[in-house]
Structure formats: structure tokens, C-alpha cells
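Notes follow once the structure below has been shown.
In what follows, residues are counted from 1 in the order of the sequence shown. Every number for a ligand or one of its atoms is a count from 1 in the order of the listing.
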Amino acid sequence: MFWDESIESLERTELEQLQLHCLQETTRRVAARVPFYRDKFAELGIAPGSIRSLADVRRLPFTTTADLRATYPAGMLAVPMDEALRLHTSSGTTGKPKAIFFSREDVNNAAELCARSFVMTGVTKKDVFQNMMTYGLFTGALVTHYGAEKVGCLVIPAGPGNSERQLMLMQDFRTTFVHLTPSYALYLADFLEKRGVQPRRHLALRKAFVGAEPYTEETRVKIEEGLGVDVYNSYGLSEMNGPGVAFECERKNGMHLWEDHFLLEIINPQTGEPVPDGESGELVLTTLCREAMPLLRYRTRDITSVIPEPCECGRTHRRLNRITGRSDDMLIVRGVNIYPQQIERVLMGARGIGRNYQIRLEGLDEMTVSVELAEAGFDGQVEHLVTLQGQIAEKLRAEILVKPRVELVPPATLPVNEGKARRVIDNRKL
Ligand code: AMP
Ligand code: ZN
């Protein structure tokens with residue numbers, strides 16, 4: 001099940017030679033064409049021709065989100081504007097977005113990487129793909145759309161939401177796989193349950209590629225049960241083409257990062273120094289093939305680790321562990337560091353609990369976790385509710401060392417977002 005076996009299982013030494021060649025090219029190109037990098041190189045005394053090994057990447061400057069905002073709209077462009085074929089922006093809620101340009105080659109490469117990513121789980125041209133990512137300025141939907149078309153699948157550009165219509169499309173066109181966010185996947189699972197649809201019996205759905213936001217193994221299990229599918233983790237970010245940066249193969253055990261296109265580093269986010277393989281840190285990526293907008297050492301702020309062991313599937317591109325959060329989404333509550341993922345893990349592993357939750361921080365340092373009850377989880381007895389509430393608060397305390405107030409709410413009463421879920425609401429007056 002390979003889209004391009006020769007590159008997907010290229011010997012490591014050859015892969016690294018290819019990476020070095022592309023890194024040298026990229027460094028030369030940005031030095032010649034992007035004033036931002038030319039100035040940085042001058043500041044740091046870097047001669048663009050002085051990159052001789054992959055380890056030399058560490059001499060190059062980081063690129064940050066702030067740099068992309070500061071050079072908005074077109075300061076990072078490395079080709080004449082008329083060579084740019086497509087513009088995307090990153091998702092973000094406030095201020096100016098990050099503008100990402102693609103050349104014709106970049107558009108093609110992005111689709112190619114998605115094609116590889118789909119095919120390694122067994123997708124073929126016979127499959128029917130219902131794309132539930134958000135179409136528009138985001139990369140999420142268009143990049144996967146063209147990837148699936150490249151494979152030859154029938155692609156249904158459904159977008160997220162409108163679950164009634166999603167169900168109709170899935171039934172009428174025998175959809176076999178979807179790409180969607182974990183929050184929408186959980187919502188859709190609820191919807192199917194309410195409608196009495198048993199996905200394994202009534203639908204042709206077999207696989208779901210789930211990504212664009214962090215989620216836990218517990219959530220994967222919930223989605224697999226609720227949608228009757230195998231869930232494959234899908235990772236990407238607009239700054240690196242969008243989806244298709246790292247996906248899981250049929251083993252569902254870590255995401256192969258396409259190393260012929262991206263040079264990977266994991267660093268300590270505080271010191272910027274590399275961490276050993278297997279240890280958690282911030283993912284830093286350098287584009288190796290991008291024409292329109294190459295980026296050096298981009299600080300993704302995503303926290304993950306490398307799985308150094310080779311994968312049984314035979315691919316040589318190394319795997320990343322599940323993203324456990326972002327270096328900037330850590331909450332500090334009463335002096336304790338907490339990642340929202342820790343809370344999700346407890347909730348999704350608890351019985352009687354539904355699929356949606358929200359974390360609210362108020363007042364001086366009060367934390368409330370609101371969580372929906374499962375459709376079938378509540379027998380109407382108040383004392384059972386109180387017991388459940390106490391159990392969850394206790395489990396949370398054991399995990400995050402702070403005891404939050406737990407609020408159990410009826411199913412389908414918490415707000416649902418079509419794009420990325422907003423799980424944390426911080427209204428503290430500190
Ligand atoms: P965007 O601005 O839409 O390109 O969002 C990219 C960001 O979404 C990444 O930097 C991650 O923080 C997050 N993301 C994407 N895919 C995943 C995934 N599979 N697991 C966790 N976070 C993800
Ligand atoms: Zn594999």
C-alpha cells in the first residue's frame with residue numbers, strides 16, 4: 001500500500017543526502033530572495049553556502065509566528081507574485097492571519113503528500129471521500145481534496161456541519177472515508193446515535209482521518225466506536241502546506257513525517273536546544289521543497305516526540321507521537337501547570353460521560369469543567385449524578401493536581417464549533 005514506494009522507503013542515508021541537498025538549495029534561495037532571511041543571515045554572520053551537513057541547520061535562525069505576522073502580507077515570498085498560484089491563511093482568531101503562498105509546484109506537492117498519506121492506510125481510487133474539513137481560506141479542506149483526487153477517489157466537498165446533509169450524502173454516495181476534526185467527529189457520532197444509525201451496519205464508512213486539533217487516545221477510541229471506523233491521526237499546519245505533513249500508516253502507531261519535504265527537529269522550547277530522540281519538545285520544521293514560501297526552522301509550538309524505531313510498514317520516514325498540546329496552551333492554575341489534554345484524557349476515559357466538554361477559568365483562579373452526560377448514561381437519579389460528579393472531580397485532581405468544579409450538563413447543550421473547537425475559556429482577572 002504505497003503511493004510512491006521508492007521515496008517512502010528510501011534508505012536513510014540516501015534520504016539524508018537528499019535532505020542535505022534540498023536544505024542547501026533552500027538556504028541559498030532564501031538568502032538571495034527573501035530580505036527577512038538575508039538580514040538575519042547578515043546579523044548572524046551566516047554565509048548561505050556554508051551549510052555542509054544536516055547538523056548545520058542549527059546554525060540557521062528560527063522563524064516564528066511573530067515573524068510571519070511582521071512580514072504580512074507578502075514579505076516572505078521567494079518568487080515573483082505572478083508565480084504564486086494560491087493563497088491560504090492559517091486559522092487564528094485574532095489579528096492579522098499568516099498568509100501562505102503556494103506556487104504550482106507547491107500545490108502539486110501538497111496534494112502529492114496527502115495522496116501518500118491516504119494510500120498508506122489502504123485508500124484506493126475505488127474509495128469515496130467525504131471531506132468534512134472547512135473549505136475556504138484554510139488549508140484543511142482544499143489540500144486534502146486535491147490529494148484524494150490525485151488518488152482518483154470520488155471527492156464530495158461537504159465541509160463540516162449540517163449533519164443531516166452529511167448523513168444523506170454518506171448514505172446516497174456510499175462514502176468510505178472522511179477527514180474531519182476530532183470535535184466534529186464526536187458531534188457527528190452523537191448525531192448518528194440519536195438518529196439510530198449504526199454506522200457499521202448502515203453505512204459504508206471505514207476510515208476517518210482526524211486532525212487539525214489535538215486529541216487523545218481515549219478520544220480516538222470514542223470516535224472509532226461512534227463512527228464505526230479506523231481513526232488515523234492526521235497532522236499538518238498551514239505554514240507547511242496544511243494537512244499531509246505527518247499521517248499515520250495502517251499500523252496506527254505514530255505519524256510518518258514526510259522527511260523528503262520537511263526537515264525535523266525537536267527542541268526544548270525554553271532553551272532552543274535539541275532534545276534526544278523519544279523526548280518531548282517543540283517540533284521545528286524546515287521546508288525542503290517549497291518554492292513560493294520556504295521557511296527555515298519554523299517554530300510550530302506543537303509539543304511531540306520522535307519515535308526512533310523503524311515502523312513495521314517499511315517506510316523509512318520517522319514517526320511523531322501524538323501532539324500532546326502546544327507550548328502556548330499550557331494553563332497555570334493556582335501555580336500548577338496544566339495542559340487541556342490531561343483533562344480530556346480523564347473525561348474521555350470516564351463512563352457515563354458524553355462527547356463535549358469545556359474548561360472555564362474565572363475569578364481569581366477558579367476552574368470549572370463542564371461536561372455533557374452520555375445520551376444513555378443517566379438514569380434520572382440525583383444521587384447517581386452527584387456520585388459521578390465527585391468521581392470525575394477526584395480523577396481530575398489525581399491527574400492535574402488541582403480539584404476543579406465539575407458541572408454535568410445534559411447531552412448536546414455545550415456550544416459546538418464548526419472549525420476548531422474552543423475548549424478553554426479564560427476569563428480570569430489575575
Ligand atoms: P492551522 O492554523 O489550521 O494550519 O493549524 C495548524 C495547527 O493545528 C497545528 O500547528 C497544530 O497545533 C494543530 N493540529 C493539526 N493537526 C493536529 C493533530 N493531528 N493533532 C494535534 N494538533 C494538530
Ligand atoms: Zn508505518
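- Listed by number with element, the atoms of ligand 1 under 4.0 Å from a non-hydrogen atom of Gly211 are 19 (N).
- Interface of Ser234 with ligand 1, defined as ligand atoms under 4.0 Å from a residue heavy atom, comprises 16 (N), 17 (C), 18 (C), 19 (N).
- For Leu237, heavy-atom contacts with ligand 1 shorter than 4.0 Å involve the backbone as well as the side chain.
- Geometrically, ligand 1 and Glu239 share no nitrogen or oxygen pair separated by less than 3.5 Å.
- Computed with the Zn ion (ligand 2) at the centre, the Cys249 SG to Cys311 SG angle is 110°, stated to 10 degrees.
- With a heavy-atom cut-off of 4.0 Å, Ala212 touches ligand 1 through its backbone alone.
- Figure legend: Arg322 and Tyr215 shown as a cation-pi pair, the cationic atom lying under 6.0 angstrom from the six-membered ring centre and within 45 degrees of its axis.
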Just do the side-chain hydrogen bond (donor to acceptor under 3.5 Å, both in side chains) check on Trp3 and Ser117 with the steps written out, would you?
-> CA-CA 8 Å; Trp3 172 253; Ser117 304; over 6 Å; no
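- Residues Phe118 and Phe209 place their aromatic rings such that the two centres sit under 6.0 Å apart.
- In this structure, Arg315 is positioned above the aromatic face of Phe2, its NZ or CZ under 6.0 Å from the six-membered ring centre and within 45° of the axis.
- Remark: among candidates Gly242, Ser238, Gly325, the nearest residue to atom 4 (O) of ligand 1 is Ser238, based on non-hydrogen atoms.
- For Arg423 and Tyr357, the positive end sits near the middle of the six-membered ring, less than 6.0 Å away and at most 45° from its axis.
- Polar contact with ligand 1: absent for Thr300 (N/O pair, distance under 3.5 Å).
- Side chain to side chain, Asn109 and Arg104 fail the donor-acceptor criterion of an N or O pair below 3.5 Å.
- At a heavy-atom cutoff of 4.0 Å, ligand 1 is contacted by the side chain of Arg326 but not by its backbone.
- At a cut-off of 3.5 Å, with distance as the only test, a side-chain donor of Thr63 or Tyr37 sits close to an acceptor on the other residue.
- With a heavy-atom cut-off of 4.0 Å, Pro243 does not touch ligand 1 at all.
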